[in-house]
S.K.: 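First the structure, which I've put down as structure tokens, then a few questions once you've had a look.
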Amino acid sequence: MPLSSRPAAAALATAGVVAATLFAAAPAQAAAVTDIPTRPTTLAAPKSMAAANGKLFVSDGNTVAVLGTDGVTQKSVTGMFGAGDVLASPSGDRVYVALSQAGAIAVLDTGTLAEVGRYPTGECPVHLAFAGSRLFYGAGCDQGDGSIGSVDAATGTDPQTVKTTIMYAAPLLAGAGGTLVAGVGGISSGPVFTYSVDGATVAPMAQRNTDGYLARVSVSPDGSKVATAAGSPYHLAQYDAATLAVAGSFETGPYPADVAYSHGGDMIGGGVDSTYGPGGNIVAFDVAAGTQVLSGNAHPKAAYNRPAPLSGTLTWSADDTRLYSILDDFTGRAEQPHVYYLAGGFETLPDLAVTSTELKLVKPAKAGAKVRATATVAGRPGVTVRFVRSGPAGELTMTATTDPAGAATVDIPAPAGGTITAYYDGDDSNKPSSASATYKTVTKTTVTVSGQYKTVKKIAYFRDRKNIVIKVAVSSPVAGRTFTAVLQGRSGKKWRTLHTKDFTLDASGRYYIGLVSANRNVQYHLVARFSGDAYGKASSATSRTFVIR
């Protein structure tokens, strides 16, 4: 009574699974590009940053966050409604904050970190600059509505309005000496205007279109030069302040997003929104020689990750030994929030600490159960661990953050056995590490008898052996698995083996069997045995009893 293959009722296609590439390899970069330190922050919505008195002052929503150079928030100054530009006084003892929702400029003491004054302005001040003895503000509540006003920098009194041509938004400002520069961002022409400042008198000097959607402007400390950063062309442009004639450029590659002269005027810094640009994303140039002196590759995670510097946050330390910027790590996916890091150009990366990752698995106790994976990165609380499941069921990645003990746990779906690898990617201070472990699933074998039959006392009675279809299924399917089918007949009170044959399951873990021959009025059943493999544990099952009349 041999067994035969029986075609399935429907053909089942198997979908090939291709493991996704986790990291795209960056194109070769110039040897001068060096990694520079980055540090995580707790900022939520930064817009502008200034360095003063050994601290970093960042406008962050309706607060000003005071950061140490390690990126840690030392204090949040509240009540800064609609905080925009943050500007440090030349002496560094004061910081000025444009409050667009309060119609004022707040004055903070950089020693006590307390608000010591508030200068009334017109509506919606956004950008700030010093020129001469005046504190200027670029204002604009709506698109198409921009203006420039000023107050006495020392007292906040003597409000004045600068006569300008039409400004299509709150103008970007920068100033030094007796020079004020204003630029309009958000439009393709990128117009720039320069003014001479003498006391309360402001006189226009020159204007020109810079093109490429202007992002930021800066003025050299002596007021003689103006620099711009824009989406195009791919360089920091420099102009003569009096005439706005071209006075040199500094190549960055795409896309320059920020610019700032150093306090001494001998260097010019830039932030570049480029994932793989050849010159780095935090850069600096020698103004006189035109040579690049910093090619900073700021990436807070693995080397494949290079977030964009946030326009308006590039700032030099008081002694010009550091060039800071806030990095915006955002994939563009709505479900992933922005995460902000502090980058420190000209800083030297410390020797990376060796880390170790251990992985423990709680393997499935029943068919269909998940695998609980716990990775411990010794001494590293609050870091991200990637768990990657690989095997016949394809690749799946999940992430979790380590707790205070350095442990992170996930429950990973396990449709088939395989390998789980836990990766800690490291950071600017720590080397990456990983660990792997394998697991098997608990399988469940079922044997189902179907066809045209009548049931009497739990026994299925068929009129013809050709009506009998026996389906064998093994859970947690893996293509190419085999099982042993044993056909047994009842003799008295015992079951006697009549025929044994091995079959190969399809990709869905099923196989259909028929009978080549069978005697009538004999009780049969079929035993299916899966002996286990590298991905699943052994299991077996016996069909219901059936008879051919």
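Along the sequence shown, residues are numbered consecutively beginning with 1.
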S.K.: For Y324, what residues pass the ring-ring contact (aromatic ring centres under 6.0 Å, His included) criterion, not counting sequence neighbours?
M.R.: none

S.K.: For residues V219 and Y261, report the shortest heavy-atom separation together with the two atoms involved.
M.R.: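 Result for this residue pair: C-CD1, 3.3 Å.
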
S.K.: Show the nearest heavy-atom pair for residues M167 and A182, with the distance to one decimal.
M.R.: CE-CB, 4.4 Å

S.K.: Which heavy-atom pair separates T315 from A50 by the least distance, and what is that distance?
M.R.: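 Shortest heavy-atom separation between T315 and A50 comes out as OG1-CA, 3.9 Å.
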
S.K.: Does T121 use its side chain to pair, donor to acceptor, with the backbone of G103 at less than 3.5 Å?
M.R.: yes

S.K.: May I have the step-by-step check of side-chain contact (heavy atoms from CB on, under 4.5 Å) for T252 and F285, ending in yes or no?
M.R.: CA-CA 10 Å; T252 62; F285 300 85; 4.1 Å; yes

S.K.: Hey, could you give me the CG/OG1 distance between D425 and T399, rounded to the nearest 0.5 Å?
M.R.: 10.5 Å

S.K.: What verdict does the side-chain contact (heavy atoms from CB on, under 4.5 Å) test give for L396 and I412, after you've listed the backbone C-alpha separation in whole Å, the side-chain angles of each residue and the deciding distance to 0.1 Å?
M.R.: CA-CA 8 Å; L396 175 67; I412 302 179; 4.1 Å; yes

S.K.: Distance check, rounded to the nearest 0.5 Å: I326 atom CD1 versus H338 atom NE2?
M.R.: 14.0 Å

S.K.: Tell me if a side-chain donor or acceptor on T194 pairs with a main-chain N or O of A206 at a distance below 3.5 Å.
M.R.: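 Yes.
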
S.K.: Identify the heavy atoms of T374 and A407 that sit nearest to each other, and give their distance.
M.R.: CG2-CB, 4.3 Å

S.K.: Answer yes if the side chains of T42 and T73 hold a donor-acceptor pair under 3.5 Å, and no otherwise.
M.R.: yes

S.K.: Count the heavy atoms belonging to other residues, nucleotides or ligands that lie under 6.0 Å from CD of Q74, then report whether that count exceeds 12.
M.R.: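 Yes - once you tally the heavy atoms of other residues, nucleotides and ligands closer than 6.0 Å, there are more than 12.
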
S.K.: Is it the case that atom CG in D198 sees more than 12 heavy atoms from other parts of the structure closer than 6.0 Å?
M.R.: no

S.K.: Which atom names give the shortest non-hydrogen contact between V283 and Q292, and what distance separates them?
M.R.: CG1-NE2, 3.5 Å

S.K.: At what distance, to the nearest 0.5 angstrom, does CG of D258 lie from CG of L314?
M.R.: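 Between D258 CG and L314 CG, I get 4.5 Å after rounding to 0.5 Å.
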
S.K.: Dump the intermediate steps for side-chain contact (heavy atoms from CB on, under 4.5 Å) on V181 and L173, then the final yes or no.
M.R.: CA-CA 6 Å; V181 60; L173 297 183; over 6 Å; no

S.K.: Against P307, only a single residue in D273, D328, L327 fulfils side-chain contact (heavy atoms from CB on, under 4.5 Å); can you say which?
M.R.: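 Only one of D273, D328, L327 forms a side-chain contact (heavy atoms from CB on, under 4.5 Å) with P307, namely L327.
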
S.K.: According to side chain to side chain donor-acceptor pair (under 3.5 Å), does anything in residues 352-361 pair up with another residue at least two apart or in another chain? List the pairs.
M.R.: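 Residue pairs passing side chain to side chain donor-acceptor pair (under 3.5 Å), neighbours aside: T355-S433, T357-S433.
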
S.K.: Which pairs pass side chain to side chain donor-acceptor pair (under 3.5 Å) with one or both residues in residues 77-104, sequence neighbours excluded?
M.R.: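 For residues 77-104, and leaving out neighbouring residues, the side chain to side chain donor-acceptor pair (under 3.5 Å) pairs sorted by first residue read D85-H127, D85-R216, S89-S91, S89-D93, S91-D93, R94-D109.
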
S.K.: Under the salt bridge (charged side-chain N to carboxylate O under 4.0 Å, His left out) rule, collect the residues that match up with D403, sequence neighbours excluded.
M.R.: none

S.K.: I'd like to check the ring-ring contact (aromatic ring centres under 6.0 Å, His included) partners of Y424; sequence neighbours left out, ordered by chain and number.
M.R.: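 Expected list: none.
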
S.K.: To the nearest 0.5 Å, tell me how far L67 CG sits from R39 CZ.
M.R.: 11.5 Å

S.K.: State the CG-CE distance between D411 and M398, to the nearest 0.5 angstrom.
M.R.: 7.5 Å

S.K.: Can you measure from CG (D60) to OG1 (T41) and round to the nearest 0.5 angstrom?
M.R.: 8.0 Å

S.K.: Short question: side chain of Q238, backbone of A247 - any donor-acceptor pair under 3.5 Å?
M.R.: yes

S.K.: Looking only at atom types and distance, does a side-chain atom of T210 sit under 3.5 Å from a main-chain N or O of G190, one as donor and one as acceptor?
M.R.: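 Judged by distance alone, yes, a pair lies under 3.5 Å.
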
S.K.: Using the ring-ring contact (aromatic ring centres under 6.0 Å, His included) criterion, which residues pair with Y255? Sequence neighbours excluded.
M.R.: Y234

S.K.: Closest approach of G140 and A170, non-hydrogen atoms and distance?
M.R.: N-CB, 3.6 Å

S.K.: Would you say the side chain of V259 lies within less than 4.5 Å of the side chain of F250, judging by non-hydrogen atoms?
M.R.: no

S.K.: Walk me through whether T313 and S325 qualify under side-chain contact (heavy atoms from CB on, under 4.5 Å).
M.R.: CA-CA 5 Å; T313 63; S325 181; 3.4 Å; yes

